[in-house]
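Throughout, protein chains are lettered first and strands after them, A, B, ... in sequence-line order, and every chain is numbered starting at 1.
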Amino acid sequence: MANKKPKVAVFKFASCDGCQLSLLDAEDELLAVADAVDIAYFPEASRKMLKGPYDIGVVEGSITTPHDVGLIREIRRMSRTLIIIGACATAGGIQALRNWKDIKEFTNIVYATPEYISTLDRSMPIASFVHVDFELRGCPINKYQLLEVINAFLNQRKPNISAYSVCVECKLKGNICIAVANGIPCLGPVTHAGCGAICPSYKRGCYGCFGPMESPNTSALSKHLFEMGQTGYDIMLAFRSFNAYALEFRKESDAYEK
Amino acid sequence: MNNSLKLESHHLNTLFNSLKRDNYTLIAPIISNGSIIYEQVNSAEELPRGWTDEQEAATYRLKKQNDNAYFSYNVSPYSWKKFLFPPHIRLFTVESKGKSFKINSSDAPIPAYAFIGVRPCELNAIKIQDKVFNNGQYTDTVYKTRREKVFIVAVNCTQAGGTCFCVSMNTGPKAKGGFDIALTEVINEDGHFFIADPGSEKGTKLMEDIPCSTARQSEIETAERLVQTTAQNMGRSLDTNDIKKLLFASLDSPYWNDVASRCLTCANCTLVCPTCFCSTVEDITDISGEHAERWRRWDSCFTMDFARVFGGNFRPSSKGRYRQWLTHKLASWIDQFGTSGCVGCGRCITWCPVGIDITEEVKRLKNEY
Amino acid sequence: MAIKDLSEILQTHPFVNDLTEQHLQTLISCVTNVRFSEGTYIFHEGEEADKFYLIRAGRVALEIHAGKKGIIRVQTIGPGEVLGWSWLISPYRWHYDACVVEDVRALTFDGKCLRTKCETDHNFGYEMLKRFSQVLEQNLKATRMQLLDIYGS
Amino acid sequence: MVHNIDPMIPIPAHIRRVNWETEDTFTLLLEPECGNNNKFQFLPGQFNMLYAFGIGESAISISSDPFKKNTISHTIHRLGIVTNSLSQLKHGDTIGLRGPFGSGWPVENAKGMDVCIVAGGIGLAPLRPVIYSILRSRKKYRKIFLLYGARSPLDLLYRAELEQWGKFPDIHVLITADHGDSSWKGNVGVVTKLFSYIKLDGFRTTAMICGPEIMMKFTLQELQQYGVPPNQIFISMERNMKCGIGLCGHCQCGPKFVCKDGPVFPLPQVSHLLDKKEI
């Protein structure tokens, strides 16, 4: 079996590298993973570089340049299974905030010679360009979820990753709902589970780092937040963050943009 | 005949001690993170003495009260079901052995719980789950092994919460069986005491070791009056007349669109509900694929995976999912288990993040009917 | 075969259930008894549709030539069923090939003759239309179910 | 069930043979480890939860002869992750098994009656034990009709057996495919059209239907036309199942738990739910 280990490659587009680091952060478990797979390409961790095709391609980051577009198509071609990780890859990331503005203005302000900058006018999720086999949400992703996905694909089973709300995680964990008990505005009811309900566990409202849950009723939540005293601007900002360009969050923030 | 005993409040802890002596793990209300939850305790002094809760749709607040009462609050965000039907539990482990494998079921020791402070609505919820998890043909081992050891100290309600409607569901505010001991807390000019009613042999036996006296008729009546007043002050009510007919005849009602526009499908109502019993299983493996486990965890009819089968989903819309929940809870539950699935505890109202109120929803549905 | 025998045979076919005597006679004036053996074609796609058939025994398959996919049989018509409705609807052309897959005995009706009779006797015409509408509706329903690929998953 | 064991814990079952019925459907012949000389007993129509090691479980009906007690068979359509994993197993491999669960077809009550069996696709699998049972006490039943539809001739299950069954006197086996090529001489069309080729004595008929819900709905219309009383019609339902024993809540269809009250239901118990959406 030793020479037939599945080849795994990790790629990066526009992102902060945080999601890749989650994998490196999984110290104990990483050894087991490294033992079970052949890390063919992972510039963050190793200089080794093996040619494709790969059994699993893991992609972090969003597509922001014409060059990226070509590259992601090449990666798709080389990867039997394509797993994308993190809010940048699944929703365009925090950098998708620029999607609401004129890109030319930005490049003119930021760069001395903007004519050398070749960029798309928007930061786009990977799935806008290629077929994706699995999307792992989060900003950053949860390292245990990443291990679970890799484990599941290696063992050809269904990853135990749920698309229900963060509320379910709070309840399974035994958290008391901070929205109800403390009146703290919380995006938990419309947000995809996976983080382990970190913020509510520390009495902070959910920021929606994992993007929209499976059937988000964002307008009903906004209406309630409004009644609780949030302004339309607060609500717009709440939805316009790490997953701003995810369809349901985008629509909701647009609805409150005055 | 009068079996009622009078237990002075300063002897309440003897009850706790006797239960501990009998090797029970005591679970009782305590304050944690701004709310009252059910957790393991050592003594009566850990109870939220002098605190009360204010509950309304989508709000819950604790308030200090200067009465030193042990039990002047209502139901907690979490119900007792988390001890009998754990949110997450391993069903078995499997080791691969060549072409075969070996399955090992869990043999972890199961504690004997003493639940202290179980409200009448909650007693009824436990009775309902008893029926659910022993459906005549099959018994749930996880539930049964925990349930059969439980000792229940019920507490009759001497105040009604803002979202309570046990009177409508005929489940309170006085406990009618299903407990080992039922307490009614009285604070008046005569002092601070409990009327204690043993409800089982176990309960009677336990009370024998506890310093208490036979309750006087007037004391019993005082306690009765408190419970009666509670019944008259219910925060809410739900009209259960013809409720089954109403729900079954309303499957195509336009009302469901209305509630679907408000419902977040976040599943909170089902998870706080003391009778909701749905669960799912997850299979996991270690990375080598040689060791596998199956876990069971709480599920909810509000999740998309709930009715998903290969190639489709029987209940994809939030309208369909809310309708499933309400219709099941109030109507088809009666066909399945001979009782409503609702005990009127009001948790689903308090803990719905947008305050959807089952009692109001039934009214709306009636108006459409 | 004598008209009397044909009339008896005709009356055993479900298509004419509850038809008035008068309309039955109108139909009989256009009928012929036919047989086809396995492997023969009753009609071909594109040919003029000037007949319809009430199948008494055997089985006919409607075929489409689907290029490189070869011949696909999309429907079979057996005893008690009606073959062909294109005679009733302009431009009166067959849309499929009708291949006999099991020796067929049938009654056939002259479409042109019937069309004339439908025009002159609107009551008769309406009766025919009702019955053929049913055939069409059944075909449509069956086609929809086939489209759903219901056994697939 | 193998008694006194937690119904949530699978027992090992050894694969004795794998038969590919069609391109994507296979039959596993299993020998469950019942222990203490127990035999595995089941009713036609019941199902087992089959567990692929580490992958998960799938509810699969039993498709073998209920009188054969040492081995049972399951005909499985390779669709999802679990069935795909099961499809990769070979002779000598082991799977986990819980069951048998659920209600069976009214094989006993149908005695003295005509029996009309209508199956679509993989729906023939849970009805095969019915046919075996009837053939064992053939004289106790009157006429038997088996109407069976599949997507194409290549998707027909148990072709050799179908041919055999058709040779018995007074067993009418009618088969149809949604489409065929020129080598297919049989019927083409949906399964309901086969009704036009049989004569049912509605009042004396017990009907058993298994297939996709939509197929059952159209079949019911046909049976109604023949005057088969609703309480003589039985259908087998499908829902998401996790426990198989009425405890997990997933398979509810109105007040019924499909796993425990069904999967086989007399029509009057579920007919009012069939035309409702998202029940």
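- With a 4.5 Å cut-off on non-hydrogen atoms, K141(C) touches chain D through its side chain but not through its backbone.
- The structure places OG of S152(D) at 9.5 Å from CG of D149(C), a figure rounded to the nearest 0.5 Å.
- Summarising the geometry of P212(D) relative to I150(C), their closest heavy-atom pair is CG-O, 2.8 Å, with the distance given to 0.1 Å.
- Looking only at distances, no side-chain donor or acceptor of Y151(C) sits under 3.5 Å from a matching main-chain atom of I122(D).
- Checked by atom type and distance alone, the side chain of K193(D) pairs as donor or acceptor with a backbone atom of T76(C) at under 3.5 Å.
- In this structure, S183(D) OG and I71(C) CD1 are separated by 10.5 Å, a value rounded to the nearest 0.5 Å.
- The 12-atom threshold is not exceeded at CG of D18(C), counting heavy atoms of other residues, nucleotides or ligands nearer than 6.0 Å.
- With salt bridges taken as basic N to acidic carboxylate O contacts below 4.0 Å, none links R73(C) and D181(D).
- Closest approach of K185(D) to V101(C), counting heavy atoms only: O-CG2, 3.7 Å.
- The shortest heavy-atom contact between I214(D) and L148(C) is CD1-CD1, 3.5 Å.
- The two residues M215(D) and M145(C) make their nearest non-hydrogen contact at CA-CE, 4.3 Å.
- Q75(C) places no side-chain N or O within 3.5 Å of a backbone atom of G189(D) that could act as its donor or acceptor partner.
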